[in-house]
Amino acid sequence: MAAAPSGDVSPAFWRNRRVFVTGITGFKGSWLAEWLLRMGAVVRGFSLEPDRTGLPDGQPTHFDQLGLAGRLDHQVGDIRDRGRLAEAVADFKPHVVIHMAAQALVRASYADPVATYATNVMGTVHLLEACRHSPDLRSIVVVSSDKCYENREWIWGYRESDPMGGYDPYSNSKGCTELVAAAYRQSFFPLDRHAQHGIVLASARAGNVVGGGDWSPDRLIPDAMRALLDGTTLIVRSPKAVRPWQHVLEPLRGYLMLAEACIERGPEVGHGWNFGPADDLTLTVEDLMERLAAGLEGFRWDARPDPQSPHEATMLRLDCALARSKLGWRPRIGSRELIDMTMAWYRHSAAHAHDAQAAVTVEQIRRYGEGHGEH
């Protein structure tokens with residue numbers, strides 16, 4: 001099969017491809033599932049039930065809006081349950097595994113570090129152990145986070161060769177996720193013996209992902225949308241923090257391209273990859289709030305730094321030169337497009353136009369997949 005054009009996802013690659021996705025009921029998982037289904041992939045999701053925490057009254061989850069439970073093989077389960085996960089992988093016999101299930105919130109990791117490590121570290125071990133015994137498997141993409149790096153609060157973007165670390169339990173658990181992936185690659189899927197085992201394991205590190213359908217508590221855009229719908233003022237605790245903001249479709253395109261490359265190009269892509277935003281989207285929280293306020297009538301926010309708040313990184317950037325040069329991946333969505341696309345989705349929430357929200361998701365995937373919105 002011919003490789004996809006540089007910088008693009010190949011729908012032909014995914015047609016009839018069996019894809020096992022963990023965390024499919026989550027924000028990123030639901031967007032990825034819709035994209036895969038539209039390309040003709042055969043998808044099995046393994047995930048907890050959709051999390052309805054933080055949803056406004058009457059608002060379904062993005063997974064439910066898209067009707068995904070009836071359009072793919074949805075296996076309800078917890079990646080901490082090794083036996084259940086192993087059965088789900090063995091029975092499906094995937095060609096590709098994309099691992100996105102995680103406890104994904106920094107402050108929640110302070111509240112329950114044991115569950116965070118059990119999910120993010122041992123859950124990854126459980127999945128990769130199941131992958132060892134999956135005969136048709138050829139491509140594994142483990143998704144971690146930009147917070148996996150040892151944060152030195154410097155102004156430069158972190159490169160894939162920088163050391164893993166993490167101050168808080170969430171960030172540290174994502175550094176551990178990367179180390180687990182590296183250990184399994186070296187021990188069980190070594191690149192120099194690819195001809196024998198046939199599997200390439202890569203990992204992907206993305207920035208602060210935003211977009212329609214995310215109602216997770218303690219995330220900036222969902223908190224802003226809840227404040228707008230409730231008519232309240234959003235309190236921002238870290239207005240000067242710098243984050244690499246990106247629309248959800250940007251890293252998902254990276255994950256899909258990387259999964260393709262694991263099969264099309266083999267061992268040369270078996271390592272970690274950064275998928276971050278364009279330079280104009282490495283913004284302070286304050287800058288992002290000002291842009292939201294300019295585009296959302298009635299939205300109000302106030303900066304009130306909390307000295308008692310648990311530690312979070314202040315400066316965070318990603319260097320994505322490797323993905324640009326070796327995969328042909330580069331950001332397509334700039335700051336204006338990010339706000340416009342995200343707000344186009346959430347505007348329908350105010351009217352509870354749930355069918356329209358699903359239509360916006362589908363249309364944004366279509367236009368993005370065709371290369372519209374190039375930055």
Does a donor on one side chain sit under 3.5 Å from an acceptor on the other, for E178 and S144? yes
Spatial distance of atom CZ (R138) from atom NE2 (H197) [nearest 0.5 Å]: 10.5 Å
I need the minimum non-hydrogen distance between V96 and A259, along with the two atoms involved. CG1-CB, 4.0 Å
More than 12 foreign heavy atoms under 6.0 Å from CD of E297: is that the case here? no
If we ignore angles and hydrogens, is there a donor and acceptor under 3.5 Å between the side chains of Y158 and E150? no
R253 and Y368 side chains, donor-acceptor separation under 3.5 Å: yes
d(M164 CE, Y149 OH) to nearest 0.5 Å is 5.0 Å
Contact between D223 and V236 at the side-chain level, heavy atoms closer than 4.5 Å - yes or no? no
Indicate yes or no: at least one non-hydrogen side-chain atom of R159 is less than 4.5 angstrom from one of L322. no
Between CG of L127 and CD1 of I140, what distance do you get to the nearest 0.5 Å? 7.0 Å
I'd like to know if the side chain of S171 and the backbone of Y167 have a donor-acceptor N/O pair within less than 3.5 Å. no
For Q246 against P251, the heavy-atom pair lying closest together: NE2-CD, 3.7 Å
Please determine if E129 and R132 form a salt bridge, counting it only when a charged side-chain N lies under 4.0 Å from a carboxylate O. yes
Quickly, which of F63, F92, F20 forms a ring-ring contact (aromatic ring centres under 6.0 Å, His included) with H74? Name it, please. F63
Over 12 non-hydrogen atoms of neighbours within 6.0 angstrom of CZ in R82: no
Donor-acceptor pair between N120 and Y170 side chains, under 3.5 angstrom: no
So does D218 pair up with R237, basic N to acidic O under 4.0 Å? yes
Note: M343 and M225 closest approach over all heavy atoms is CE-CE, 3.8 Å
Using a 3.5 Å distance criterion without hydrogens, assess whether the side chain of S216 forms a donor-acceptor pair with backbone atoms of R219. no
Salt-bridge present (D64, R52; N to O < 4.0 Å): yes
Modelled atom types, side-chain donor and acceptor of W345 and T361, under 3.5 Å: yes
